[in-house]
Number of protein chains: 2
Amino acid sequence: MRQNATLKKIAERLSLSISTVSRALKDHPDISAETKKKVTELADLLEYDPNPYAVNLRTHSSKEFAVVVPSLSNFFYHSFIRSIEEEAQTLGYSVIIYRSANDPKIEQNILKSCRHKRVSGIFIAITTETMDMEPFLKLDVHGIPVIFFDKVPQYESCNKICVGDDHAASLAAEEILKRGTENVLGIFGHLNMSITKSRLEKFISVLSQANDHINLNVVHASSADEAEQLTLSLIPNYKKKNFVIFCMSDEILSGTMKAVQRKGLSAPKDLGIIAISDGMIPKLFYPEITYAETSGYNLGKLAYDRMMKCIAGSSFAQTIIDESKLVTGGSM
Amino acid sequence: MRQNATLKKIAERLSLSISTVSRALKDHPDISAETKKKVTELADLLEYDPNPYAVNLRTHSSKEFAVVVPSLSNFFYHSFIRSIEEEAQTLGYSVIIYRSANDPKIEQNILKSCRHKRVSGIFIAITTETMDMEPFLKLDVHGIPVIFFDKVPQYESCNKICVGDDHAASLAAEEILKRGTENVLGIFGHLNMSITKSRLEKFISVLSQANDHINLNVVHASSADEAEQLTLSLIPNYKKKNFVIFCMSDEILSGTMKAVQRKGLSAPKDLGIIAISDGMIPKLFYPEITYAETSGYNLGKLAYDRMMKCIAGSSFAQTIIDESKLVTGGSM
DNA sequence: AATGTTTCCGCAAACGTTTGCGGTATTAAA
DNA sequence: TTTAATACCGCAAACGTTTGCGGAAACATT
């Protein structure tokens, strides 16, 4: 078990003091050019790298970001994480991933551990049951910036980066109006998700305000399988009629698509299909599904920006909405 | 900026020494029950948690695993990471994710940083260009266990956890034989990937040994788009004939499926489709695609097991192959 | 009463840094 | 030649733990 190079070893080999070596390495003006040269050369040779734990213990600052999500089996969060990781790497930060399993208890433990690790910052999508803001306030007291994303709390004065749910829903609704179809099957997620509510309300309002002949049927599914079953059982209602299915999320879309294929229907001939999605699933089909894009990747970039501003000091709370754009496949 | 509780503070409040507090908290036999009680109570009250940096500095051991992958936009790695994270959490380890971008330089930096952080262990899928084993040997010298997974080096004496490429390929080949179809289109990845070679060889050998009337056409695609184009242009060759398409990976499958849908064909009527996959993509279609499963999730469990054995001391090198199983959809 | 055992606890060093402060040469100014 | 300024550098404390060792009581044994 060999040891890593330390300041002490370099100092001994060069008959210098530890402090001189430390200063030489960070180009401190007190140190002569000659000494600096000797030190950096030996440091290179020995592959010296400061021990992060010692540095942290001394300076109270790590170079790590934490990303906390309810679940890891989710495209959106994956894109988000990828996005953060890309940015972080350029500045030498590393990214630690935590999964709360949608359990507020676990979430609290994670936050506590982040506090004790003194992470540089936290990106978090909270659980659906997170009520207590106290752990977050405590982080604030300790000077650890928190950026909420996607699933954000009601609480006002904090930094939130959200998908523009209404915007996405209205983009989809408008596209449906454009197609001129009056029979619409809207498949939404469970109502305990905040996004369900906002997407649903906007979707309904845009459709109904524009055309009062719209025949809209709204159903809720909380899994892909459920969406599949629901679609299967509802498709017969639209027999021979021209109709459109709107899927609120990737999960629902994937269930619905199976049902559509199973019934031997194909878009845009037999029906129209449109979704709100990150983009991965819609591109698997031919024709590609038209969707309003909610990009985890974009959200990541925005969140990272905000984080950097917080770290730099500009810390007033702010809510940023990532407006989505319509990506046209051939399914409408 | 409030401070976290420390041993020192607890000690002062209780007029004890720091060492006594430390020992009381870890249930050391030297400390009386009475003292232990007082200490733990105050510690709870103050929400004391040991400073991980101080602990690490002192003990030379962190509670962190590193997972290093070439890319994060890949189901397989995501399942793997999820799997590791699930296990790690139960023992209070955290998981740090690093992305090498398939660049050996970046990979080396990551490894160096892991060494200096003294991570408890490293799970790594190496880049396609990783030749130099020296950084890994150095980790070994420092007592940091490395588990290679999926993309592993040629080097013999190290711990490798791999997908059973031959096995998966032969499962698929056998299923094709079972169907009795003699026209086979095999779409494989680029030949610079090691998995391509092993899957291809086994696939060919199983097919040709069993039936010398097999008309096998092998092509290579290095992206989903390419697979789509290739499939589109080759399908006409099989006009009216009964044929099977084999897709070596998820990426290829997704391209191929688009082409198949575009041509208006459907399995198993017009053709057979079979793939090697993690399982996510095949389940999006109806009928679900039959596939030989290579599970990132399973691989994660195996890798974690191996890691724990290494940490516990049983450190002889070993190569573990995760044999895959056939998951029957309706596409054959 | 002297010695041997327990039981419980504190001292102090160490892990590898960072940094305020002070100190010694060297050079410039008086 | 003395004094003041400058350029370099080292001392030592601190960050929060862990742990070997030693020490003082309290008790049991001759």
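Convention: sequence-line order gives letters A, B, ...; per-chain numbering from 1. Quantities reported herein were computed from a predicted structural model and do not represent experimental measurements.
Every residue was checked against the side-chain hydrogen bond (donor to acceptor under 3.5 Å, both in side chains) condition with A:Tyr304, not counting sequence neighbours, and none meets it. Remark: B:Asp165 pairs with B:Arg199 by the salt bridge (charged side-chain N to carboxylate O under 4.0 Å, His left out) rule, at least two apart or across chains. Remark: B:Glu87 engages B:Lys301 in a side-chain hydrogen bond (donor to acceptor under 3.5 Å, both in side chains) (not counting sequence neighbours). In this structure A:Phe148 satisfies the ring pair (Phe, Tyr, Trp, His ring centres under 6.0 Å) test together with A:Phe136, sequence neighbours excluded. Not counting sequence neighbours, the partners of A:Tyr93 by the ring pair (Phe, Tyr, Trp, His ring centres under 6.0 Å) test are A:Phe65. The side-chain hydrogen bond (donor to acceptor under 3.5 Å, both in side chains) search around B:Thr6 returns none, not counting sequence neighbours. With sequence neighbours excluded, the residues satisfying side-chain hydrogen bond (donor to acceptor under 3.5 Å, both in side chains) with B:Asn102 are B:Thr128.
Rounded to a whole Å, the CG atom of B:Leu57 is 9 Å from the P atom of C:dT17. The distance from atom NZ of B:Lys8 to atom C1' of C:dA12 is 14 Å, rounded to the nearest whole Å. Atom CG of A:Leu7 and atom P of C:dA14 are 17 Å apart (whole Å). Note: CG (B:Leu16) to C1' (C:dC8) measures 11 Å, nearest angstrom. As rounded to whole Å, 14 Å separates atom P of C:dG10 from atom CD1 of B:Ile10. Atom-to-atom, CG of A:Asn56 to P of C:dC15 comes out at 19 Å; the value is rounded to the nearest Å. Straight-line distance from the CG atom of B:Leu25 to the P atom of C:dC9: 14 Å, rounded to whole Å. For A:His28 and D:dG10, the NE2 to C1' distance is 13 Å, given to the nearest whole Å.
Contact annotation: A:Thr20 side-chain N/O to D:dC9 OP1/OP2 distance is not under 4.0 Å. Checking the phosphate oxygens (OP1, OP2) of C:dT17, a side-chain nitrogen or oxygen of A:Tyr48 falls inside 4.0 Å.
With C:dC15, D:dC11, D:dT17 as the candidates, the nucleotide lying closest to the side chain of B:His60 is C:dC15. Among the nucleotides C:dT17, D:dT19, D:dG16, the one closest to any side-chain atom of A:Ile18 is C:dT17.
You won't find any donor-acceptor pair under 3.5 Å spanning the side chain of B:Ser19 and the base of C:dC9, going by distance alone.
Using the six-membered ring where Trp is involved, A:Phe149 and A:Phe80 have ring planes that are parallel, under 30° apart on the 30 and 60° scheme.
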Margin query: For nucleotides 21-26 of chain D, give me one character per nucleotide, 5' to 3': B if any protein heavy atom sits under 4.0 Å from the base, S if the only such contacts are to the sugar-phosphate, - if neither.
Written below: B-----
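Of the residues near DNA chain C, A:Thr59 and B:Val21, the one whose nearest nucleotide (by heavy atom distance) lies more toward the 5' end is B:Val21.
A cation-pi arrangement is absent between A:Arg118 and A:Tyr53 under the rule of less than 6.0 angstrom and at most 45 degrees off the ring axis.
Within residues 32-42 of chain A, the residues approaching DNA chain D are A:Ser32, A:Thr35, by heavy-atom distance under 4.0 Å.
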